[in-house]
Engineer: 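Quick one: the structure is below, and I'll ask about it shortly.
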Amino acid sequence: MSSTRQFQVTFDCAEPERLARFWCEVLGYVVPPPPAGFATWDDFKRSQPPEDRGSWFACSDPSGVGPRLFFQRVPEGKVAKNRLHLDVRVGTGLVGEERLAALEAECARLVPLGAVRVRLLYDGNDSCIVMQDIEGNEFCLD
């Protein structure tokens, strides 16, 4: 009998902490406490060699249900469409205009945080809004 394993979703990015804090706002996630022995994340950063400061950051679901999100700095920029993306499920169980209204309301909340609306997919019943986060990674409001 196989067991379910925990997993985290890792983002390659330019600014790990900034992107992590964006996703905290999107998903209602939280920044975990700093590593043992450090009162704050700034204290931890100051303890690292300059080239390692800010090289990673993480956030987690406060309920412990969703996966941890890990953000790691990489030297190269994003050059193509994501092969994997997150669907932010805000319209589950809704259809038609009611679903569309829920998606539009969430879109309106995220745009001031730096998200970019790319396009609406709507057939009169089912809908999805394709968006980008603050570093251009695609995600969907579903």
Side-chain angles (χ1 to χ4, degrees), residues 2-123 125-142:
S2 68
S3 63
T4 302
R5 292 180 171 79
Q6 288 187 342
F7 69 95
Q8 73 179 9
V9 177
T10 300
F11 290 74
D12 290 348
C13 60
E15 297 180 69
E17 184 172 351
R18 181 172 175 251
L19 191 56
R21 291 186 183 281
F22 169 83
W23 281 103
C24 282
E25 290 294 323
V26 172
L27 301 174
Y29 271 37
V30 296
V31 173
F38 297 94
T40 68
W41 278 102
D42 285 337
D43 290 344
F44 173 72
K45 284 185 228 173
R46 283 190 291 274
S47 76
Q48 296 182 302
E51 64 274 9
D52 292 341
R53 289 181 189 152
S55 64
W56 63 269
F57 211 76
C59 60
S60 58
D61 180 351
S63 71
V65 175
R68 177 179 189 242
L69 302 182
F70 185 81
F71 302 85
Q72 61 188 7
R73 186 175 57 218
V74 297
E76 67 278 356
K78 183 179 178 305
V79 295
K81 183 179 182 299
N82 300 7
R83 294 296 305 256
L84 172 81
H85 69 266
L86 301 182
D87 285 344
V88 180
R89 310 293 314 271
V90 296
T92 303
L94 303 176
V95 295
E97 292 297 320
E98 187 179 19
R99 177 180 173 82
L100 183 58
L103 299 181
E104 291 290 1
E106 184 66 359
C107 180
R109 183 181 79 86
L110 299 181
V111 167
L113 299 175
V116 174
R117 181 189 180 121
V118 176
R119 71 180 168 281
L120 169 66
L121 304 172
Y122 182 54
D123 66 7
N125 188 41
D126 199 12
S127 52
C128 171
I129 299 176
V130 180
M131 301 194 69
Q132 291 178 337
D133 70 16
I134 59 175
E135 288 202 8
N137 300 302
E138 296 86 6
F139 68 98
C140 291
L141 297 180
D142 174 46

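All figures in this text were calculated on a predicted structure; none of them were measured in a lab. Every heavy atom of this structure was used, including side-chain atoms; hydrogens, water molecules and symmetry mates were not.
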Engineer: Do you know the tightest heavy-atom contact between Arg109 and Val26?
Structural biologist: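 Result for this residue pair: NH2-O, 3.0 Å.
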
Engineer: Suppose we screen for side chain to side chain donor-acceptor pair (under 3.5 Å). Which residues come up paired with Asp87, at least two apart in sequence or across chains?
Structural biologist: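 Listed in chain order: His85.
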
Engineer: Are Glu25 and Arg21 within salt-bridge range, i.e. N to O under 4.0 Å?
Structural biologist: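 No salt bridge links Glu25 with Arg21.
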
Engineer: Could I get the full list of side chain to side chain donor-acceptor pair (under 3.5 Å) partners for Asn137, not counting sequence neighbours?
Structural biologist: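 Expected list: Asp133.
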
Engineer: To the nearest 0.5 Å, how far apart are OG1 in Thr10 and CZ in Arg68?
Structural biologist: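 Thr10 OG1 to Arg68 CZ: 8.0 Å, rounded to 0.5 Å.
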
Engineer: Could I get the full list of salt bridge (charged side-chain N to carboxylate O under 4.0 Å, His left out) partners for Asp61, not counting sequence neighbours?
Structural biologist: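 Per chain and number, Asp61 pairs via salt bridge (charged side-chain N to carboxylate O under 4.0 Å, His left out) with no residue.
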
Engineer: Table please: side-chain donor-acceptor pairs of residues 111-120 below 3.5 Å, with sequence neighbours left out.
Structural biologist:
from   : atom 1 : to     : atom 2 : distance (Å)
Arg117 : NH1    : Glu104 : OE1    : 2.5
Arg117 : NH1    : Glu104 : OE2    : 3.4
Arg117 : NH2    : Glu104 : OE2    : 3.0

Engineer: Applying salt bridge (charged side-chain N to carboxylate O under 4.0 Å, His left out), can you list everything that pairs with Arg89, at least two apart in sequence or on another chain?
Structural biologist: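 Counting only residues at least two positions away or on another chain, Arg89 forms a salt bridge (charged side-chain N to carboxylate O under 4.0 Å, His left out) with Asp142.
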
Engineer: So which pairs with a foot in residues 26-41 pass side chain to side chain donor-acceptor pair (under 3.5 Å), sequence neighbours left out?
Structural biologist: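 Applying side chain to side chain donor-acceptor pair (under 3.5 Å) to every pair that reaches into residues 26-41, excluding sequence neighbours, yields Thr40-Asp43.
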
Engineer: Can you measure from CZ (Phe139) to CG (Leu27) and round to the nearest 0.5 angstrom?
Structural biologist: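 Separation between the atoms: 8.5 Å.
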
Engineer: Taking all non-hydrogen atoms of both residues into account, name the closest pair between Cys59 and Cys24 and its distance.
Structural biologist: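 Closest pair (atom of Cys59, atom of Cys24, distance): CB-SG, 3.3 Å.
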
Engineer: Can you name the side chain to side chain donor-acceptor pair (under 3.5 Å) partners of Glu98, sequence neighbours left out?
Structural biologist: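 By the side chain to side chain donor-acceptor pair (under 3.5 Å) rule, Glu98 matches no residue at all.
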
Engineer: Do any N or O atoms from the side chain of Lys81 and from the backbone of Arg83 form a donor-acceptor pair under 3.5 angstrom?
Structural biologist: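 No, because the side chain of Lys81 does not come within donor-acceptor range (under 3.5 Å) of the backbone of Arg83.
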
Engineer: For Glu97, give me all partners under salt bridge (charged side-chain N to carboxylate O under 4.0 Å, His left out), at least two apart in sequence or on another chain.
Structural biologist: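 So Glu97 forms no salt bridge (charged side-chain N to carboxylate O under 4.0 Å, His left out) with any residue.
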
Engineer: Just to verify, what does Glu135 make a side chain to side chain donor-acceptor pair (under 3.5 Å) with, not counting sequence neighbours?
Structural biologist: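 Residues passing side chain to side chain donor-acceptor pair (under 3.5 Å) with Glu135: none at all.
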
Engineer: Mind running side chain to side chain contact (heavy atoms under 4.5 Å, CB included) on Ser127 and Leu121 for me, showing each step along the way?
Structural biologist: CA-CA 5 Å; Ser127 52; Leu121 304 172; over 6 Å; no

Engineer: Check the orientation of Phe71 and Phe11. Use parallel for under 30°, tilted for 30 to 60°, and perpendicular for over 60°.
Structural biologist: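 Parallel, since the angle between the ring planes stays under 30°.
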
Engineer: For a quick test of reading the model, state the closest non-hydrogen atom pair linking Val9 to Pro67 and the distance between them.
Structural biologist: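 Here Val9 and Pro67 meet closest at CG2-CG, 4.2 Å.
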
Engineer: Residues two or more places apart in sequence or in another chain: which of them pass salt bridge (charged side-chain N to carboxylate O under 4.0 Å, His left out) with Arg53?
Structural biologist: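 Arg53: no salt bridge (charged side-chain N to carboxylate O under 4.0 Å, His left out) contacts found.
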
Engineer: Using the ring pair (Phe, Tyr, Trp, His ring centres under 6.0 Å) criterion, which residues pair with Phe22? Sequence neighbours excluded.
Structural biologist: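 With neighbours one apart ignored, the set is empty.
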
Engineer: Between atom CD of Glu15 and atom CZ of Arg73, what is the distance when rounded to the nearest 0.5 Å?
Structural biologist: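 One finds 10.0 Å between CD of Glu15 and CZ of Arg73.
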
Engineer: How many angstroms lie between atom CE of Met131 and atom CD of Glu106, to the nearest 0.5 angstrom?
Structural biologist: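 Result: 8.5 Å between the selected atoms.
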
Engineer: Which pair of heavy atoms, one from Leu84 and one from Asn82, lies closest together, and at what distance?
Structural biologist: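 Leu84 and Asn82 have their closest heavy atoms at O-CB, 3.1 Å.
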
Engineer: Is it the case that over 12 heavy atoms from other parts of the model lie below 6.0 angstrom from the CD atom of Glu51?
Structural biologist: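 Counting other residues, nucleotides and ligands, CD of Glu51 exceeds 12 neighbours.
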
Engineer: Taking the side chain as C-beta and beyond, is there a heavy-atom pair between Val88 and Cys140 under 4.5 Å?
Structural biologist: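 Result no, sub-4.5 Å side-chain heavy-atom pair not found.
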
Engineer: Using the ring pair (Phe, Tyr, Trp, His ring centres under 6.0 Å) criterion, which residues pair with Phe70? Sequence neighbours excluded.
Structural biologist: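 With neighbours one apart ignored, the set is Trp56.
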
Engineer: Ignoring hydrogens, what is the shortest heavy-atom contact between Pro32 and Ala58? Give both atom names and the distance.
Structural biologist: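 Taking Pro32 first and Ala58 second, the nearest heavy atoms are CD-O, 3.4 Å.
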
Engineer: List the steps and the verdict of side chain to side chain contact (heavy atoms under 4.5 Å, CB included) for Leu103 and Tyr122.
Structural biologist: CA-CA 11 Å; Leu103 299 181; Tyr122 182 54; over 6 Å; no

